[in-house]
Q: 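Dropping a structure here in structure tokens format, bear with me for questions.
Just so you know, residue 1 is the first one in the sequence shown, and it goes up from there. Since we're looking at a predicted model, the values are computed, not measured.
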Amino acid sequence: MADDELSITPALRLNPAELTISFIRASGPGGQNVNKVSTAAQLRYDLGASTLPQPLKARARRLAGQRLTTEGIIVITADRFRTQALNRDDAIGRLLELLREAAIPPKPRRATRPTLASKTRRLDGKSRRSGVKKLRSGRPGDD
């Protein structure tokens, strides 16, 4: 593996050639400079065409949420900083963070049964509540 590849996990690497970064004008305050200089970075990563394992792609697709287009491209816009270089690094860092989170497989759920004590507590609470409601249902003067 080449040195210029980005590390997701010790075993997984991301080829920077798969990333497309363009610069757009940032929104928000900044005076006249914000209207002239394109400092915000927009990173596009085609998840469908990537070389990542299929289970990781599925988890990344779920985690990406609104950042995923209908074509399966993750779009990350970074405009926190005032320079292109910092915004580009921020966008790449956010993509790597998303992929690192997707690389962690979810723990399988083990089916458990409620304990006898928890069943008893639940039923006691239900009967107590039932008693309170019964006391409310009587008409005044029926005492």
Side-chain angles (χ1 to χ4, degrees), residues 1 5-143:
M1 291 194 179
E5 289 189 335
L6 305 166
S7 176
I8 298 170
T9 64
L12 283 173
R13 301 238 179 242
L14 179 68
N15 187 355
E18 295 179 7
L19 304 177
T20 306
I21 299 175
S22 58
F23 295 99
I24 56 175
R25 289 193 182 136
S27 63
Q32 293 177 354
N33 197 49
V34 80
N35 299 323
K36 296 187 295 186
V37 184
S38 300
T39 55
Q42 189 175 60
L43 180 142
R44 294 176 156 280
Y45 179 65
D46 192 351
L47 197 59
S50 71
T51 57
L52 298 174
Q54 203 58 40
L56 190 138
K57 285 184 190 181
R59 287 191 297 271
R61 195 171 275 114
R62 189 173 29 82
L63 285 171
Q66 294 280 327
R67 295 172 288 194
L68 188 73
T69 65
T70 53
E71 294 85 32
I73 297 172
I74 295 176
V75 179
I76 295 176
T77 305
D79 60 358
R80 249 191 301 203
F81 302 103
R82 291 183 62 143
T83 63
Q84 286 185 349
L86 288 175
N87 282 328
R88 180 184 61 237
D89 293 344
D90 183 37
I92 292 171
R94 284 166 43 195
L95 175 69
L96 290 174
E97 189 60 38
L98 182 130
L99 293 176
R100 281 186 191 114
E101 195 175 333
I104 301 168
K107 291 182 183 176
R109 186 190 179 283
R110 289 202 185 106
T112 58
R113 298 178 66 155
T115 62
L116 181 61
S118 68
K119 286 182 187 177
T120 308
R121 277 193 306 269
R122 182 179 64 86
L123 294 174
D124 285 347
K126 285 170 77 76
S127 61
R128 203 174 309 116
R129 188 79 187 137
S130 171
V132 168
K133 289 188 173 195
K134 268 194 184 129
L135 286 173
R136 286 186 196 152
S137 66
R139 282 188 227 114
D142 280 351
D143 296 331

Q: Among L19, I76, T20, exactly one meets side chain to side chain contact (heavy atoms under 4.5 Å, CB included) together with R44. Which residue is that?
A: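 Looking at L19, I76, T20, the match for R44 under the side chain to side chain contact (heavy atoms under 4.5 Å, CB included) is T20.
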Q: Is R128 salt-bridged to D124, cutoff N-O under 4.0 Å?
A: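 Judged by the 4.0 Å cut-off on N to carboxylate O distance, R128 and D124 do not form a salt bridge.
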Q: Rounded to the nearest 0.5 Å, how far apart are CG of L68 and CD of E71?
A: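 Here the interatomic distance stands at 9.0 Å.
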Q: Which heavy atom of P114 sits nearest a heavy atom of S118, and at what distance?
A: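 Shortest heavy-atom separation between P114 and S118 comes out as CB-OG, 3.6 Å.
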Q: Hey, could you give me the NZ/CZ distance between K119 and R113, rounded to the nearest 0.5 Å?
A: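 Output value for this atom pair is 6.0 Å.
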Q: Is the shortest heavy-atom distance from the side chain of P55 to the side chain of R59 under 4.5 Å?
A: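 Answer yes - side chains close enough.
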Q: State, to 0.1 Å, how close P53 and L12 come at their nearest heavy-atom pair, and which atoms those are.
A: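 So the two residues come closest at CD-CD2, 3.8 Å.
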Q: Distance from R80 atom CZ to D89 atom CG, nearest 0.5 Å?
A: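 With rounding to 0.5 Å, CZ (R80) is 11.5 Å from CG (D89).
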Q: Got a second to check how far L56's CG is from R61's CZ, nearest 0.5 Å?
A: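 These two atoms lie 10.5 Å from each other.
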Q: What closest approach, in Å, do L52 and Y45 show between heavy atoms, and which atom pair accounts for it?
A: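 What the structure gives for the nearest pair is CD1-OH, 3.4 Å.
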Q: Determine the sole option in L96, L98, I92, D90 for which the side chain to side chain contact (heavy atoms under 4.5 Å, CB included) test with R94 is passed.
A: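 Output: one option passes, namely D90.
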Q: For residues A60 and L47, report the shortest heavy-atom separation together with the two atoms involved.
A: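 It is CB-CD2, 4.1 Å.
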Q: Between T120 (side chain) and L116 (backbone), is there a donor-acceptor pair under 3.5 Å?
A: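 Looks like yes, one N/O pair under 3.5 Å.
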Q: For the residue pair D46 and E18, establish whether any side-chain heavy-atom pair is separated by less than 4.5 Å.
A: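 No. Closest side-chain heavy atoms not under 4.5 Å.
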Q: Side chains of I24 and D79: does their closest heavy-atom pair fall under 4.5 Å?
A: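 Not touching, per the 4.5 Å side-chain cut-off.
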Q: State, yes or no, whether a side-chain contact exists between S50 and L14 at a heavy-atom distance under 4.5 Å.
A: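 The answer is no, as the side chains (C-beta and beyond) never meet within the 4.5 Å cut-off.
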